[in-house]
J.: 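I have a structure I would like to understand better, so I am pasting it below and will then ask my questions one at a time.
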Amino acid sequence: MSLQCPRCHSSKVASFHHAMKIGAAIGTVGGAARGVSAALAGGQAGALIGAFAGPVGITLGSVSGAIFGGLAGGVGGCALGAQLGESLDRHVLAHNLCLLCGHHFNLPA
Ligand SMILES: [Zn+2]
């Protein structure tokens, strides 16, 4: 993707992605929180499945269910937050700077 300054049509444009990072951070935290509840649910589901295989199965099922749930929640939240931050970054905050004329601009929504 190449940016172009709307004022002087130069392609020497610096683009900052603060919002994307903030969004990703928020998403990671939210995703981790969601992942904890997913981990609990995953652990329970894993324990249920593992119950068929006996005591060892319960432990293995709980642990793997919790790890999988937590990971899925964290990764999903991070991706979601990054997407949110990126659209904020592109359409709301003036984070593109033309290096030729110094014009700050957003991409059209
Ligand atoms: Zn310019």
Side-chain angles (χ1 to χ4, degrees):
M1 185 190 73
S2 70
L3 289 168
Q4 217 181 33
C5 173
R7 188 188 278 171
C8 69
H9 301 290
S10 149
S11 58
K12 289 192 187 303
V13 169
S15 137
F16 307 99
H17 291 286
H18 300 300
M20 197 168 108
K21 280 175 193 155
I22 292 166
I26 291 169
T28 306
V29 171
R34 207 180 59 181
V36 170
S37 57
L40 291 176
Q44 280 174 347
L48 256 173
I49 295 163
F52 291 106
V56 178
I58 293 173
T59 311
L60 278 178
S62 302
V63 170
S64 61
I67 290 171
F68 184 75
L71 275 179
V75 169
C78 184
L80 209 78
Q83 266 180 1
L84 186 83
E86 200 183 352
S87 52
L88 258 179
D89 194 36
R90 281 194 192 172
H91 304 300
V92 180
L93 306 165
H95 275 157
N96 298 306
L97 169 68
C98 176
L99 298 177
L100 233 69
C101 71
H103 181 55
H104 281 267
F105 63 96
N106 295 316
L107 292 183

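Just so we're clear, the structure is a prediction, and the values are computed from it rather than from any experiment. First listed ligand is number 1; within each ligand, the first listed atom is number 1. Just so it is clear, the values below take in all heavy atoms, side chains as well, and ignore hydrogens, waters and symmetry mates. Counting from 1, the numbers follow the sequence of the chain as shown.
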J.: Do Pro6 and His103 have side chains that approach each other closer than 4.5 Å (heavy atoms only, starting at C-beta)?
T.: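 They are in side-chain contact.
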
J.: Look up atom NZ in Lys12 and atom SG in Cys98, then write down how far apart they are to the nearest 0.5 Å.
T.: 10.0 Å

J.: I want to verify a count. Protein N, O or S atoms less than 2.8 Å away from the Zn ion (ligand 1), how many are there?
T.: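 Count of protein N, O, S atoms less than 2.8 Å from the Zn ion (ligand 1): 4.
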
J.: If you take all heavy atoms of Val13 and Cys5, which pair is closest and at what distance?
T.: CG2-N, 3.8 Å

J.: Locate the shortest heavy-atom distance separating His104 from Leu97; write the atom from each residue and the value.
T.: NE2-CD1, 3.6 Å

